[in-house]
Each structure stands twice: as C-alpha cells, then as structure tokens.
Amino acid sequence: NKALRMLIKHFMVRSVRKLGATYQQIHSLLQKYRNEMSERELSERREFNHLVSDSIFRIPMTRTADKYLKGGGKVYFYKFAYPAPACNAALHVLDLYFIFGTVGTDDAADFMKLQGTEGERQLSEIMMEAWSNFAKHGDPNTDRLPDWPSYNLETRATMNFNVVPKISILPMEEIRAAWEIMLQSS
C-alpha cells in the first residue's frame with residue numbers, strides 16, 4: 001500500500017511538472033497546502049490531492065473567471081465542499097447530484113454514493129434554487145443562502161457548498177497567488 005501511495009504521488013507531481021513547475025515550486029506549494037489543511041487532512045496526507053485538484057480544476061477556473069470578469073462579465077464563484085461518505089472528501093462531479101436533485105440514487109460509483117439524508121436533500125434544494133435563480137435572473141442568491149456577492153479581483157468571493165453553505169473571501173489566496181506566479185514564469 002505504501003508503494004502504491006508513492007507511485008500515485010509520483011504521477012501527481014509529474015502532472016504538475018508538465019505545467020512548467022519546478023520541484024522547488026511544487027515543494028513550496030505542498031507546504032502551503034499543509035498550512036491550510038485540517039488535522040484530518042494532514043493525517044490522510046491530502047496535500048497531493050489538493051495540488052492535483054487545483055491544477056486541473058480550481059486554478060484554471062479561477063483564471064477563466066478572472067478573464068471573464070476583465071472582459072466585462074459578471075461572475076459567481078463556488079466551491080463544492082460536501083464530502084462523499086465513503087472517502088470523506090468532496091469529489092469532482094458529486095455536485096451534479098445535488099444540482100439535479102438526484103442525491104440518494106444508486107447510479108453513482110460506490111465511492112460517491114450519497115445516502116439521501118435530510119441534510120443532503122436540503123443542500124440539494126438550496127443548490128437547485130440557486131442554479132434556477134442564476135438561469136432566470138443572472139443572480140444565484142436565495143433566501144436560503146448567505147448573501148452571495150459577485151466575484152471580483154479584490155475579494156474573490158466564493159460560495160462554499162457544504163452542510164452549512166458559507167461565503168469565503170480570498171479563499172486560499174496565498175496558494176492561488178503562488179500558482180499564478182508559477183504559471184506566469186513557465
């Protein structure tokens with residue numbers, strides 16, 4: 001199992017190296033992730049997961065939002081943070097089960113299966129309402145969410161969808177800035 005973890009970490013680092021990152025930059029990023037992580041995440045050595053997740057999803061989406069905003073568009077940014085019970089981590093595409101109201105269905109992979117608890121159904125209803133409001137009015141705000149300001153370069157307001165949705169201002173800003181420097185230098 002240790003050998004498999006080492007192999008996976010090797011491939012994760014290799015994928016970030018392909019973006020032009022040096023080993024020193026990757027080491028620095030991993031330390032920044034460790035500084036932001038919970039005790040549970042530290043014990044599970046999830047910094048590599050964050051590194052790859054950011055390289056594939058968060059950083060490209062943040063850069064896209066920044067460019068769209070600079071072009072005059074209005075942006076609402078979110079992070080899906082509800083953990084799948086089997087792996088205790090938020091997963092790519094898990095948010096779709098909430099957005100489309102299909103929590104508790106049996107079509108998901110085993111590690112993504114949701115139990116369809118009352119809390120999951122409530123979060124799903126909130127997310128469906130926010131997406132519907134955005135589609136109808138260009139603004140996802142609902143009475144069931146904290147005020148969701150539009151994204152801007154000063155605050156980078158981000159709605160965190162979890163058991164209790166909340167807004168983050170400048171989420172993981174030090175890490176985002178380090179990525180930006182690294183990508184501009186490559």
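All figures in this text were calculated on a predicted structure; none of them were measured in a lab.
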Other residues, nucleotides, ligands: >12 heavy atoms within 6.0 Å of [X] [atom1]:
X	atom1	result
H27	NE2	no
E39	CD	no
R14	CZ	no

At what distance, to the nearest 0.5 angstrom, does [atom1] of [X] lie from [atom2] of [Y]?
X	Y	atom1	atom2	result
R58	I175	CZ	CD1	6.5 Å
R156	T62	CZ	OG1	7.0 Å
F77	W148	CZ	CH2	10.5 Å
T102	L114	OG1	CG	8.5 Å
M12	I56	CE	CD1	8.5 Å
N35	L42	CG	CG	9.0 Å

Closest non-hydrogen atom pair between [X] and [Y], with its separation:
X	Y	result
G101	S124	CA-OG, 3.3 Å
L94	P83	CD2-C, 4.5 Å
L69	Y151	CD1-O, 3.6 Å
P146	K166	CG-CA, 4.0 Å
K32	A178	CE-CB, 3.8 Å
S43	R40	OG-O, 2.7 Å

State, yes or no, whether a side-chain contact exists between [X] and [Y] at a heavy-atom distance under 4.5 Å.
X	Y	result
V13	F48	yes
D147	N141	yes
F80	L96	no
R46	S38	no
P149	T155	no
L29	M182	yes

Tell me whether [X] shares a hydrophobic cluster with [Y], the cluster being built from Ile, Leu, Val, Met, Phe, Trp, Tyr side chains joined at under 4.5 Å.
X	Y	value
L153	I169	no
I167	V75	no
M6	L30	no

Using a 3.5 Å distance criterion without hydrogens, assess whether the side chain of [X] forms a donor-acceptor pair with backbone atoms of [Y].
X	Y	answer
Q184	I181	no
S132	M128	yes
N162	P165	no
S55	V52	yes
E120	T117	yes

Verdict with reasoning, E125 to R144, per salt bridge (charged side-chain N to carboxylate O under 4.0 Å, His left out): CA-CA 9 Å; E125 289 171 8; R144 298 173 71 184; 3.4 Å; yes
Quick one: do the [X] and [Y] side chains pair a donor with an acceptor below 3.5 Å?
X	Y	answer
Y33	N49	no
N160	S168	yes
E36	H50	no
D95	Y78	yes

Whether F57 and H92 hold their rings parallel, tilted or perpendicular, with breakpoints at 30° and 60°: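 It falls in the parallel class, under 30°.
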Pair N133-D139, side-chain contact (heavy atoms from CB on, under 4.5 Å): steps then yes or no: CA-CA 6 Å; N133 281 354; D139 185 332; over 6 Å; no
Verdict with reasoning, L123 to V163, per side-chain contact (heavy atoms from CB on, under 4.5 Å): CA-CA 7 Å; L123 180 58; V163 176; over 6 Å; no
D54/R176 ion pair, N-O < 4.0 Å: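 So D54 does not pair with R176 through a salt bridge.
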Ion pair check, E180 and R63, cut-off under 4.0 Å: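 A salt bridge links E180 with R63.
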Working for side-chain contact (heavy atoms from CB on, under 4.5 Å), residues R17 and I26: CA-CA 8 Å; R17 290 269 300 141; I26 293 170; 3.7 Å; yes
Test applied, ring-ring contact (aromatic ring centres under 6.0 Å, His included); reference residue, W131; option that passes from Y76, F161, F98, F100: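 The residue from Y76, F161, F98, F100 that satisfies ring-ring contact (aromatic ring centres under 6.0 Å, His included) with W131 turns out to be F161.
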R34 vs R45, side-chain contact (heavy atoms from CB on, under 4.5 Å): CA-CA, chis, key distance, verdict: CA-CA 9 Å; R34 289 181 195 108; R45 310 269 315 164; 4.3 Å; yes
The single option from M159, E129, M127 passing side chain to side chain contact (heavy atoms under 4.5 Å, CB included) against L145: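 Checked M159, E129, M127 against L145; only one passes side chain to side chain contact (heavy atoms under 4.5 Å, CB included): M159.
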